[in-house]
Amino acid sequence: MAVAPPSDPLSGTSLKADFPLLSRTVHGKRIVYLDSAATSQKPDQVLAAMDLYYRNFNANVHRGVYAIAEEATNAIEAAREGVRRFINARSTAEIIFTKNATESLNLVIQSWGRANLSDGDVVVLTHMEHHANIVPWHMLAAEKNLELRWIPLTDDGQLDLTDLDSILVGAKALGATAMSNVLGAFNPVRELTDAARAAGAISIIDGCQSVPHSTTDVQAMGADFLAFSGHKMLGPTGIGVLWGREELLDAMPPFLGGGEMIRDVRLDGFTCNELPWKFEAGTPAIAEIIGLGAAVEYLEALGMDNVRAHERALTEYTLSSFSERFGDDISIHGPADSSLRGGVFSFSFKDLHPHDLSQVLDQHAVCVRAGHHCAKPLMKLLGVGATARASVYIYNDTSDIDSLGDALEQAGAFFAF
Amino acid sequence: MPGLEDLYREIILDHYRNPRNRGELETPPAHRVEGFNPLCGDEIVVYVDLDDAGVVTDIRIGGQGCSISQSSASMMSAAVKGKTTEEVAELTRAFKAMMSIHESSLEGSEAEAAEQEALANVKLGDLEALRGVVKFPVRIKCATLAWNTLAQGIEESNA
């Protein structure tokens with residue numbers, strides 16, 4: 001590889017100590033957690049923030065005039081401001097809390113899509129989307145008779161943008177992931193959003209894998225909507241974010257109806273609350289929002305450029321050490337150049353089925369995922385039913401990669417035939 | 001802690017390496033049915049040929065999957081060939097009972113207990129090797145995929 005391995009700004013730091021789960025043992029061995037693309041572990045700081053809310057100022061938000069209700073309201077609005085800062089949004093009116101990124105995508109597709117798309121309209125997606133950015137479109141397409149087009153992939157698992165402009169002709173919307181949860185590839189988001197805008201389409205970006213692992217600037221991104229989840233970026237489950245451009249959010253009809261999202265309700269109708277609460281019907285996930293706010297502060301203290309540099313160094317280490325150790329016995333999908341990819345490694349090892357492989361790895365307390373990773377169209381394209389997937393985050397280091405390698409050797413020996 | 005040897009018995013690995021009745025049958029007369037395990041992406045294709053008396057005259061297995069799903073399919077294909085659909089249904093119930101899945105339609109604990117006892121007497125042969133799967137609950141769906149697919153195929157053939 002021509003590029004010299006980047007230095008790791010987080011090496012030597014003992015981040016593992018902040019994550020209580022990482023000190024437990026499984027089957028008598030220290031746990032090696034390599035499934036952060038599915039969900040990350042949570043640091044003490046996040047757990048403490050959520051615990052403090054329940055112990056100290058548990059009250060419903062936006063309604064009570066008493067002290068603890070005001071403290072709870074201030075806490076979730078402070079978290080909203082933290083998220084705004086984290087992704088460089090113009091205003092907190094653009095930060096909508098949802099239950100997860102899947103709900104964020106469904107919100108846009110249902111609300112914006114139903115109001116703006118009609119018979120025969122074209123929506124462009126990529127061949128590496130997660131089911132969450134495919135199935136809601138299939139649902140709307142069946143109702144509205146939409147045409148779905150797909151951006152193909154190159155042989156090494158990147159988007160093939162050769163015919164992008166012609167694919168986008170007549171399109172009203174583009175949906176694309178910023179980073180593949182299978183291939184690890186970072187996509188050229190700005191190039192995609194520019195092309196979409198030139199074609200007259202809005203762009204909806206799935207940031208589930210990119211936001212936890214790299215610097216996010218929604219203004220520089222040029223997108224109209226960005227969806228991501230809290231639990232993949234050190235926060236709790238049950239909290240997701242939808243960022244959208246204020247003009248678009250303003251013009252969209254509400255998604256779920258109920259309390260909080262209204263300004264006035266009469267017997268003959270209702271008027272909506274202002275942004276962002278217009279899209280937040282019902283009592284929000286208060287503790288989870290507070291937890292996400294603490295997660296954002298934790299990541300900001302590390303610095304997202306440092307997070308990316310750490311994971312890039314670990315990616316280099318993984319690719320080179322596995323290639324040296326296993327040669328042709330291992331095949332890692334996605335780009336080989338660490339500048340084009342994050343620390344998500346879907347791989348095939350010898351001819352072992354991923355389910356059997358992960359069963360053996362579990363005996364060594366190594367946690368990896370096995371399956372289709374909610375990306376069946378991509379699996380079909382890769383010609384596999386399933387893959388094993390290891391994914392890293394801030395708390396992983398080269399010893400975790402070595403443990404995975406040792407466990408792979410054991411699996412190879414166990415199934416040798 | 002259950003060890004890998006509880007799960008991966010030698011006979012299982014043998015059926016995985018050398019699957020029996022692998023391939024396709026002409027349709028018709030055979031009936032083709034696909035089964036999916038949505039959790040792991042495993043796919044199985046079962047071709048089953050029934051004669052007028054409801055006897056499984058031939059069976060073939062296609063698709064891809066892990067050692068547990070593939071060996072279970074292989075052993076199943078060997079076990080059901082030449083059996084009547086009633087015998088296949090009984091064998092299926094006995095196999096699922098071994099996997100701790102009880103589908104008794106009988107009401108009342110006494111009748112149910114009698115059925116469980118009857119199932120316990122069904123000879124499972126090689127299939128006994130899959131008993132260890134029950135200690136790895138996530139894998140039970142792998143072991144039962146072929147059986148559910150065959151049951152669907154027989155039902156569709158009779159329809």
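No hydrogens, no waters, no symmetry mates; every other heavy atom, side chains included, goes into these values. Lettering follows sequence order; numbering is per chain, from 1.
- Separation of atoms NZ (Lys376(A)) and CZ (Phe36(B)) is listed at 6.0 Å; rounding is to 0.5 Å.
- Residue-environment remark: CZ (Arg20(B)) exceeds the threshold of 12 foreign heavy atoms within 6.0 Å.
- Heavy atoms from other residues, nucleotides or ligands lying under 6.0 Å from NZ of Lys141(B) number 12 at most.
- Within the model, atoms CG of Leu357(A) and OG of Ser67(B) stand 11.0 Å from one another, a figure rounded to the nearest 0.5 Å.
- For Phe347(A), the ring pair (Phe, Tyr, Trp, His ring centres under 6.0 Å) criterion is met by no residue, not counting sequence neighbours.
- With sequence neighbours excluded, the residues that form a ring pair (Phe, Tyr, Trp, His ring centres under 6.0 Å) with Tyr393(A) are His213(A), Tyr395(A).
- Here Gln410(A) contributes atom CD and Leu4(B) contributes atom CG; the two are 10.0 Å apart, rounded to the nearest 0.5 Å.
- The heavy-atom pair separating Tyr16(B) from Asp351(A) by the smallest distance is OH-O, 4.2 Å.
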* Asked: Do Ile68(B) and Gln359(A) pass the side chain to side chain contact (heavy atoms under 4.5 Å, CB included) test, and can you show the C-alpha distance, the side-chain angles, and the key distance before you say yes or no?
  -> CA-CA 11 Å; Ile68(B) 301 301; Gln359(A) 189 85 58; over 6 Å; no
* Asked: Is there a side chain to side chain contact (heavy atoms under 4.5 Å, CB included) between Arg17(B) and Phe415(A) once you walk through the steps?
  -> CA-CA 10 Å; Arg17(B) 289 164 204 165; Phe415(A) 283 102; over 6 Å; no
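- In this structure, His353(A) and Asp42(B) have side chains that are in contact, with non-hydrogen atoms separated by less than 4.5 Å.
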* To do: Start with the C-alpha gap between His355(A) and Arg139(B), add the side-chain angles, then the distance that decides, and say whether side chain to side chain contact (heavy atoms under 4.5 Å, CB included) holds.
  => CA-CA 9 Å; His355(A) 229 149; Arg139(B) 307 301 294 276; 3.8 Å; yes
